[in-house]
Amino acid sequence: MIKIGVLGAGHLGKIHLKCIKQIPEYELVGFYDPNIENAIAVAKELDLRRFETESDLIDACEVVDIVTP
């Protein structure tokens with residue numbers, strides 16, 4: 001199983017998170033978003049771990065999906 005995280009949890013990032021959760025070959029470890037209010041809401045909505053820094057997320061993953069403008 002590949003550990004994956006997502007950088008960016010805006011509109012498109014949420015779509016990526018939902019899709020990745022459904023892929024059995026991936027272990028979605030969580031995500032990082034610089035907008036704290038949005039990140040808290042997404043973590044609660046999708047029941048995912050919210051990382052407080054990009055570095056923490058990168059250290060916890062083998063693969064990072066970058067979803068930013």
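Across F51 and Y32, no two heavy atoms sit closer than the pair O-CD1, 3.2 Å.
Here the NE2-NZ distance, from H16 to K21, works out to 15.5 Å after rounding to the nearest 0.5 Å. Within the model, atoms CD of E62 and CD of E27 stand 8.5 Å from one another, a figure rounded to the nearest 0.5 Å. Annotation: the span from R50 atom CZ to D33 atom CG amounts to 9.5 Å, rounded to 0.5 Å.
Listed by chain and number, the hydrophobic cluster partners of M1 come to none, as no ILVMFWY side chain reaches under 4.5 Å of it. Side-chain contacts under 4.5 Å among hydrophobic residues (ILVMFWY), followed directly or transitively, place V6 together with I2, I4, L12, I15, L17, I20, I23, Y26, L28, F31, V42, L46, L48, V63, V67.
No side-chain heavy atom of R49 sits less than 4.5 Å from a side-chain heavy atom of V29.
Checked against side-chain hydrogen bond (donor to acceptor under 3.5 Å, both in side chains), T53 has the following partners two or more places apart in sequence or in another chain: D56.
For the side chain to side chain contact (heavy atoms under 4.5 Å, CB included) with C61, the qualifying choice from D65, I58, D59, L57 is L57, the only one to do so.
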